[in-house]
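First the structure, then my questions, so here it is.
Each chain gets a letter, A, B and so on, in the order the sequences are listed, and its residues count up from 1.
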Amino acid sequence: MPASPAPAYLDPQSRLIALLEQALRQVAAEVATNLPLQVELERPKQASHGDFACNVAMQLGKAMKRNPRELAQAVIAALPASDLLEKAEIAGPGFINLFLKPAAWQGVAAEVLAQADAYGSGNLGRGAKVQIEFVSANPTGPLHVGHGRGAAFGASLSNVLKMAGYEVQREYYVNDAGRQMDILALSTWLRYLALCGEVVPFPGNAYQGDYVSTMADGIYALHQDRYQRPTAAVMKGVAAAEEDAEAHLDALIANAKSLLGPDYAYIHGYALEEQLGDCRNDLTEFGVTFDTWFSEKTLHESGLIDRAVEQMKKHGHLYQQDGALWFRSTAFGDEKDRVVRRENGSYTYFAADIAYHINKFERGFDRVLDVWGADHHGYIPRVKGALTAAGLDADRLTVALVQFAVLYRNGQKASMSTRSGQYVTLRELRNEVGNDAARFFYVLRKSEQHLDFDLDLAKSQSNDNPVYYIQYAHARICSVLNSWGGLERDLLDADSGLLQEPRELALLKRLAEFPETINTAARELSPHVIAYYLKELAADLHGLYVACQFLVADEALKQARLLLIAATRQVLNSGLALLGVSAPEKM
RNA sequence: GCCCCCGUAGCUCAGUGGAUAGAGCAUCCCCCUCCUAAGGGGAGGGUCACACGUUCGAUUCGUGUCGGGGGCACCA
């Protein structure tokens, strides 16, 4: 059957803007001006200033050299009749304060239920394809709590962008080709050799974590001493670690490669698979998933790096010096030039990253978003410079920086020493505070703000804990709806005109704010906006809960109130889902 | 030295070119005969680090100073 076209629902704010623009055109015609007539509304902090305030008269007053209050009066006089508006008044230096009739808000509850999960979706993105790359930790060991913040931020932001009308692709860049991976392979092999009975010293700057020994155990169990080589050969020509620890490590890696031959790839691959698999499981348990895992190795193997370098060379931005190939990044605002190909002929990480970003652009994304730890901020000018040097529009790349998270326990900073592998892992954090609290606390702060992560608070099952506060609101609604026992869809016909109490109206207004909240979060790349919105929504619900009974004898009023809280449950559910936090029905 | 982030209530943090700057915690007072008190109501608490500038209007923008954190590799 043909779907009858639903009456186009327009939120009160959009309708109001249309009214004001209409009035403004009329006023502008009277004074023969062609000033830009964009109307923006703000929500006043004070209820006595109305539901919305408009400062257009003050802006125009300045440009037209007319008294803002007079202009405001003219705009108000020109406002078309509407069932929306209770009154409009001039205030202060020329604000137009707008007071809406309850009817303007009452419709929102049914709208929420009708749209269900789609409520809040917007068209800010206009279907633009955006790629978001995040986490991208080296697969050389377990993820730590710093990665966790990037993971929670990136995942929540992806959800927000999708809801705001972007086509989102999530990607993890796997650094499977660099020296760090060689060090991991070497570390694993050395532990393995010990299992084979070789007495070989384990360098202090190799990977110390227990997981390395675990991998060695695994390889030994599968292949016994197949990869054993004599200690003397392993140590042959290797200078003492005391002289140059890094050179010591590199010499060991070189020996491992030559002694193992094709078997080196097996050790390397085993370690990579184990660590990447562990990382993937960890993230999946955390509710963080990716569409693509992009291998750095493939950049080398497919010749993409050679091509990228050629591309930059063609544009004349590379030069040879001291046996290395340099990118003149200072021409693009970087503080010094950067090496692209080392004296020994190998490419730097930077070269791979240039190729990677060129590749991202060539894959047809309208916008490319990188989520990096704040310690990488100095890296931005050179990557953008490289893209420009390759003839691409670097403005399509946005880098979102995420600051560090510091754990606190009993009011004390929890130790997070990176040395000797003693850092707190994401998995430990999740086990301690739970996924919900971890996801929520990670995005509770602006990403560019340092995060003090209070473990005791995150764990506490009390009203101090914002996660429980919000989830409790959801559970309370579920409890009421269960007691009622009816079907939610029957509430769509409820008479929302009966919702007149101040707290009911406050909640309705809050529900109406959800779409613009999503827009703001998407525009500002700030999922924390969602977290704050949910706290306020939950507060409105709790306030109403204490103030009035839902399951009242008056059937019509009961239906109306149940409609309101059912809509609230929907928005709580949608909002929590954006943040990757569960919405329990019972607590 | 140069660059980036931050400085808002006792604490942790939101916020904004506008009208009396907010929330939670902590402190004090109050509210369950009732759908979950993991809740609600109220009180106190501020030179929005400081100075100067732009503006009709600055906590917000700009410059400088002072504090806190981070980054400045032929590492990734």
* Atom-pair distance (CE on A:M58; P on B:rA58), nearest Å ->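 Atom-to-atom, A:M58 to B:rA58, this comes out as 14 Å.
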* To do: Report the distance from atom CG of A:L537 to atom C1' of B:rA23, rounded to the nearest whole Å.
  =>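 Checked: the CG to C1' distance equals 15 Å.
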* Whole Å only: how far is the OH atom of A:Y408 from the P atom of B:rG69? ->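 Spelled out: OH on A:Y408 to P on B:rG69 is 11 Å.
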* To do: Could you check whether A:C478 gets within reach of a base, just the sugar-phosphate, or nothing at all, counting any heavy atom under 4.0 Å?
  =>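 The answer is nothing, as A:C478 stays clear of every strand by at least 4.0 Å.
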* **Counter-base of B:rA49, judged by Watson-Crick or G-U geometry with both distances under 3.5 Å** =>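 Across all strands, the one nucleotide that pairs with B:rA49 is B:rU65.
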* Asked: Within this structure, what is the CG-to-P distance between A:L541 and B:rC35, rounded to whole angstrom?
  ->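 From A:L541 CG to B:rC35 P: 16 Å.
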* Any A:Y469 side-chain nitrogen or oxygen under 4.0 Å from OP1 or OP2 of B:rG40 ->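 For A:Y469, the contact criterion (side-chain N or O under 4.0 Å from OP1 or OP2 of B:rG40) is met.
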* Asked: Aromatic ring centroids of A:F99 and A:F52 under 6.0 Å?
  ->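 No, ring centres 6.0 Å or more apart.
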* Which nucleotide in the list B:rA37, B:rA76, B:rC74 gets nearest to the side chain of A:Y472? ->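 Minimum distance to the A:Y472 side chain belongs to B:rA37.
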Where do N or O atoms of nucleotides 13-15 of chain B meet protein N or O atoms at under 3.5 Å, pair by pair?
from	atom 1	to	atom 2	distance (Å)
B:rC13	OP1	A:D452	OD2	3.1
B:rC13	O5'	A:R445	NE	3.2
B:rC13	O2'	A:R445	NH1	2.9
B:rC13	O2'	A:Y532	OH	2.5
B:rA14	OP1	A:K446	N	3.0
B:rA14	OP1	A:Q449	NE2	3.3
B:rA14	OP2	A:Q449	NE2	2.4
B:rG15	OP1	A:H528	NE2	3.0
B:rG15	OP2	A:K446	NZ	3.3

* How about A:S346 and A:N344: does a side-chain donor come under 3.5 Å of a side-chain acceptor? ->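 Side chains of A:S346 and A:N344: pair found under 3.5 Å.
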* Asked: When you measure from the side chain of A:F404, which nucleotide among B:rA76, B:rC35, B:rG70 comes out closest?
  ->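 Within the option list, the nearest is B:rG70.
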Filtered N/O pairs between nucleotides 27-34 of chain B and protein, under 3.5 Å:
from	atom 1	to	atom 2	distance (Å)
B:rC34	O2'	A:Q549	NE2	3.1

* With the threshold set at 4.0 Å, does a side-chain nitrogen-carboxylate oxygen contact exist between A:R409 and A:E432? ->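 Between A:E432 and A:R409 there is a salt bridge, with a charged N closer than 4.0 Å to a carboxylate O.
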* A:R382/A:E335 ion pair, N-O < 4.0 Å ->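 No, A:R382 and A:E335 are not salt-bridged.
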* Watson-Crick/G-U partner (both atom distances under 3.5 Å) of B:rG24 ->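 The base-pairing partner of B:rG24, which may sit in any strand shown, is B:rC11.
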* Asked: How far, in whole Å, is B:rA73 from B:rG67 if one measures between their C1' atoms?
  ->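 Straight-line distance between the two C1' atoms is 30 Å.
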* Taking the six-membered ring where the residue is Trp, are the ring centres of A:F453 and A:Y442 under 6.0 Å apart? ->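 Ring centroids of A:F453 and A:Y442 are less than 6.0 Å from each other.
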* Asked: Whole-Å distance between B:rG70 C1' and A:R149 CZ?
  ->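 For the pair A:R149 CZ and B:rG70 C1', the rounded distance is 13 Å.
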* Asked: Stacking here means centres under 5.5 Å and planes under 30°; does A:H377 stack on B:rG70?
  ->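 So A:H377 does not count as stacking on the base.
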* Value rounded to 0.5 Å, distance of CH2 in A:W372 from CD in A:E133 ->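 The distance works out to 8.0 Å.
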* Asked: So which nucleotide does B:rG1 pair with, by the Watson-Crick or G-U wobble rule with both distances under 3.5 Å?
  ->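 Its partner is B:rC72 (Watson-Crick or G-U wobble, both distances under 3.5 Å).
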* Asked: B:rA76, B:rC35, B:rA38: which one has an atom nearest the side-chain heavy atoms of A:S479?
  ->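 Shortest atom-to-atom distance from the side chain points to B:rC35.
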* To do: Name the nucleic acid region contacted by A:A475, choosing base, sugar-phosphate or nothing; use a 4.0 angstrom heavy-atom cut-off, strictly under.
  =>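 Base contact - A:A475 has a heavy atom under 4.0 Å of at least one base atom.
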* On a whole-Å scale, what distance lies between the C1' atoms belonging to B:rU59 and B:rG71? ->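 The answer is 28 Å between these two C1' atoms.
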* Would you classify A:A547 as touching base, sugar-phosphate or nothing, given that sugar-phosphate means primed atoms plus P, OP1 and OP2, and contacts are heavy atoms under 4.0 Å? =>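 Here A:A547 touches no strand at all.
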* Asked: Quick check, are the ring centers of A:F153 and A:H528 under 6.0 angstrom apart?
  ->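 Not close enough - the centres of the two rings lie 6.0 Å or further apart.
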* Donor + acceptor pair across side chains of A:E274, A:Y211 (<3.5 Å) ->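 Not at all, the side chains of A:E274 and A:Y211 share no donor-acceptor pair under 3.5 Å.
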* A:N344 near the nucleic acid: base, sugar-phosphate alone, or nothing, with a heavy-atom cut-off under 4.0 Å? ->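 If one applies the 4.0 Å heavy-atom cut-off, A:N344 turns out to touch nothing in the nucleic acid.
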* Span that lies between the C1' atom of B:rG10 and that of B:rU27, in whole angstrom ->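 About 10 Å, rounded to a whole number of Å.
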* Please report, rounded to the nearest Å, how far the C1' atom of B:rG68 is from the CD atom of A:E448. =>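 Atom CD in A:E448 sits about 17 Å away from atom C1' in B:rG68.
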* Counting heavy atoms from C-beta on, name the nucleotide in B:rG70, B:rC74, B:rA76 closest to the side chain of A:E343. =>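 Output: B:rC74.
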* So what does A:R69 touch, heavy atoms closer than 4.0 Å: a base, only the sugar-phosphate, or nothing? ->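 If one applies the 4.0 Å heavy-atom cut-off, A:R69 turns out to touch nothing in the nucleic acid.
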* So which nucleotide from B:rC35, B:rA73, B:rC74 ends up closest to the side chain of A:A324? ->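 Of B:rC35, B:rA73, B:rC74, B:rC74 is nearest to the side chain of A:A324.
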* Asked: What residues, two or more places apart in sequence or in another chain, satisfy side chain to side chain contact (heavy atoms under 4.5 Å, CB included) together with A:A324?
  ->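 Applying side chain to side chain contact (heavy atoms under 4.5 Å, CB included) to A:A324 gives A:W326, A:V339.
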* Asked: To the nearest angstrom, how far is A:I565 atom CD1 from B:rU36 atom P?
  ->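 Taking atom P of B:rU36 as the reference, CD1 of A:I565 is at 10 Å.
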* What integer number of Å spans the P atoms of B:rA58 and B:rG68? ->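 Roughly 30 Å separates the two P atoms.
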* When all nucleic acid strands are considered with a 4.0 Å heavy-atom cut-off, which category describes A:N465: base, sugar-phosphate, or nothing? ->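 A:N465: no heavy atom of the nucleic acid under 4.0 Å.
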* To do: Return yes if the base of B:rA37 and the side-chain atoms of A:H542 contain a donor-acceptor N/O pair under 3.5 Å, otherwise no.
  =>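 Result: no qualifying N/O pair found.
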* Asked: When you match A:Q403 and A:H376 each to their closest nucleotide on RNA chain B, which lands nearer the 5' end?
  ->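 Going by which nucleotide is closer to the 5' end, it is A:Q403.
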* Asked: Which label fits B:rC28, syn or anti, where anti is any glycosidic angle not within 90° of 0?
  ->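 Classified anti.
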* To do: Please figure out whether A:G378 or A:Y468 has its closest RNA chain B nucleotide nearer the 5' end.
  =>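 In this pair, the answer is A:Y468.
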* Asked: Rounded to the Å, how far apart are A:I477 CD1 and B:rA38 C1'?
  ->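 Rounded to whole Å, this separation is 15 Å.
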* Identify whether any heavy atom of A:N55 sits under 4.0 Å from a base atom; if not, whether one sits that close to sugar-phosphate; answer base, sugar-phosphate or nothing. =>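 A:N55: base contact, heavy atoms under 4.0 Å.
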* To do: Sticking with atom P, work out how far B:rA26 lies from B:rU12, rounded to a whole angstrom.
  =>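 Each nucleotide's P atom is 15 Å from the other's.
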* Asked: Do A:K509 and A:D540 sit within salt-bridge range, that is, some charged N less than 4.0 Å from a carboxylate O?
  ->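 Salt bridge flag = no for A:D540 with A:K509.
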* Identify whether a stacking contact exists between A:F95 and B:rA19, where the ring centres must be under 5.5 Å apart and the planes under 30° apart. =>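 A:F95 ring centre within cut-off of B:rA19 base, planes near parallel; stacks.
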* Asked: Under a 4.0 Å N-O cut-off, is there an ion pair linking A:D370 with A:K360?
  ->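 Yes, this pair counts.
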* Is the shortest side-chain N/O distance from A:R476 to OP1 or OP2 of B:rA37 below 4.0 Å? ->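 Checking B:rA37 against A:R476, a side-chain N or O does come within under 4.0 Å of OP1 or OP2.
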* If B:rG57 has a Watson-Crick or G-U wobble mate with both distances under 3.5 Å, name it; if not, just say none. =>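 Pair assignment: B:rG57 / none.
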* **Gap in Å between the two P atoms, one belonging to B:rC56 and one to B:rA9, rounded** =>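 Here B:rC56 and B:rA9 have their P atoms 31 Å from each other.
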* Asked: Between A:K586 and B:rC35, does any side-chain N or O lie under 4.0 Å from OP1 or OP2?
  ->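 Indeed not, no polar side-chain atom of A:K586 lies that close.
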* Quantified in whole Å, what is the P atom distance between nucleotide B:rG41 and nucleotide B:rC6? ->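 Straight-line distance between the two P atoms is 32 Å.
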* **Minimal non-hydrogen separation, A:H450 against A:R149, with atom names** =>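 Looking at all heavy atoms of both residues, the closest pair is C-NH1, 4.2 Å.
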* Taking atom C1' in both B:rU54 and B:rG62, what distance in whole Å separates the two? ->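 B:rU54 and B:rG62 have their C1' atoms separated by 7 Å.
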* Verify whether the ring centers belonging to A:Y356 and A:F294 lie closer than 6.0 Å. =>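 Under 6.0 Å, so yes.
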* Check whether any side-chain N or O of A:R328 sits under 3.5 Å from a backbone N or O of A:H317 as a donor-acceptor pair, and report yes or no. =>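 Not a single qualifying donor-acceptor pair exists.
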* Taking the side chain of A:M587 as heavy atoms from C-beta outward, which of B:rA38, B:rA73, B:rG70 is closest to it? ->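 For A:M587, the side-chain atoms sit closest to B:rA38.
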